[in-house]
S.K.: 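Here it is, the structure, as structure tokens.
Both ligands and their constituent atoms are indexed starting at 1 by order of listing. Numbers for residues simply follow the sequence, beginning at 1.
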Amino acid sequence: MKLILLGPPGAGKGTQANRISERFGIPHLSTGDMLRAEIRSGTSLGNTLRAKIDAGILINDETISEIVALRLNQPDAASGFILDGFPRTLAQANALDKMLIGSTISAVVELVVNEDVLSERIRSRAAQAMSAGAEVRSDDNLSTLQVRLNAYYEATRPLSRHYDMKGLLKQVNGLASIEEVDKEIASVLNSILYRLTPGDLI
Ligand code: AMP
């Protein structure tokens, strides 16, 4: 299954993508994680990326699409994946279509969440990381969240309609508990899996 997970920052995409990855045995491809790994490796590209990510600004479409294309060429992504954080713009969605020559996206799951819960979720994600002794994301603060949300509403939200027009969009209530969201996604994806022919799985 080739899946895309959509939703605003703080909607719980990372948590749910991990669960989908385990349940369906497909790799979780998070562009945020890929970019943070590049920053940690200390390359000059990493330094450029850091400034943008810290400011909550989107990385340009060409750079991120190249990174994703390289990752999708890895053997573990050949028969399926769950994309978390990509595409984020219509240009990226078009670039993804070109990467998938000969195959298509199976479904796009959107976590639907009100804006007013997001700041609390980001605040608690930062607090949890801190109490676990883990690194707190440099963009998990309220002022950067506002920039990230603006980017989401301006550039990413239109993807929901784009994929709906293609008959791929499955909306899930992201306000429910982690377990309930997990169950709802599993039931949506199981019904899709049931309809897929072996050829679609390649
Ligand atoms: P995330 O971990 O998905 O919240 O992403 C963290 C940050 O990485 C975003 O705020 C952007 O600066 C950058 N980023 C991640 N994915 C993309 C993408 N598909 N396009 C542009 N920028 C991205």
Side-chain angles (χ1 to χ4, degrees), residues 2-21 27-73 77 81-100 105 108-113 115 117-129 134-160 162-163 174 181:
K2 296 180 174 167
L3 304 172
I4 294 172
L5 193 55
L6 286 181
K13 295 192 296 299
T15 305
Q16 295 300 335
N18 273 329
R19 289 177 172 231
I20 295 168
S21 164
H28 169 194
L29 309 185
S30 154
T31 44
D33 287 349
M34 292 175 207
L35 295 170
R36 285 184 284 276
E38 186 70 34
I39 291 173
R40 276 196 299 276
S41 69
T43 58
S44 65
L45 172 63
N47 289 335
T48 318
L49 296 174
R50 183 197 301 271
K52 291 205 168 172
I53 292 181
D54 285 358
I57 300 168
L58 294 185
I59 306 305
N60 73 63
D61 291 328
E62 291 72 26
T63 305
I64 195 74
S65 300
E66 255 173 53
I67 293 174
V68 172
L70 286 173
R71 183 63 187 86
L72 289 183
N73 271 333
F81 49 77
I82 166 88
L83 277 168
D84 159 14
F86 184 93
R88 257 176 160 98
T89 65
L90 278 170
Q92 292 178 18
N94 292 332
L96 177 61
D97 287 343
K98 294 205 181 99
M99 291 173 214
L100 296 177
I105 290 295
V108 177
V109 177
E110 180 178 24
L111 299 178
V112 180
V113 186
E115 189 179 335
V117 304
L118 297 174
S119 52
E120 174 49 28
R121 288 197 174 181
I122 294 286
R123 195 202 58 73
S124 92
R125 179 160 79 189
Q128 274 172 17
E135 197 185 336
V136 176
R137 279 177 52 165
S138 53
D139 57 349
D140 269 355
N141 56 72
L142 293 187
S143 56
T144 307
L145 174 64
Q146 203 46 58
V147 182
R148 290 161 68 198
L149 276 177
N150 291 344
Y152 171 76
Y153 287 116
E154 206 175 295
T156 312
R157 191 73 182 80
L159 291 181
S160 174
H162 172 78
Y163 285 117
V181 177

S.K.: Side-chain polar contacts of residues 60-67 - donor-acceptor pairs under 3.5 angstrom, sequence neighbours left out - could you list them?
M.R.:
residue : atom : partner : partner atom : Å
Asn60   : OD1  : Glu62   : N            : 3.2
Asn60   : OD1  : Thr63   : N            : 2.9
Asn60   : OD1  : Thr63   : OG1          : 2.9
Asn60   : ND2  : Thr63   : OG1          : 3.1
Asp61   : OD1  : Thr89   : OG1          : 2.9
Asp61   : OD1  : Gln92   : NE2          : 2.9
Ser65   : OG   : Asp61   : O            : 2.6

S.K.: Out of the candidates Ile4, Asp84, Leu83, only one should pair with Leu29 under the side chain to side chain contact (heavy atoms under 4.5 Å, CB included) rule; please name it.
M.R.: Leu83

S.K.: Protein residues near ligand 1, heavy-atom distance below 4.0 Å?
M.R.: Thr31, Gly32, Leu35, Arg36, Ile53, Ile57, Leu58, Ile59, Ile64, Gly85, Phe86, Arg88, Gln92, Arg137, Asp139, Arg148

S.K.: Starting at CG of Leu35, measure out to CD1 of Ile53 and round the result to the nearest 0.5 Å.
M.R.: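 Here the interatomic distance stands at 4.5 Å.
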
S.K.: Among residues at least two apart in sequence or on other chains, which ones pass salt bridge (Lys or Arg N to Asp or Glu O under 4.0 Å) with Arg50?
M.R.: none

S.K.: Kindly indicate whether the side chain of Met34, heavy atoms from C-beta on, has any atom under 4.5 Å from the side chain of Phe86.
M.R.: no

S.K.: Which residues pass the side chain to side chain donor-acceptor pair (under 3.5 Å) test with Asp139, not counting sequence neighbours?
M.R.: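 Listed in chain order: Arg137.
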
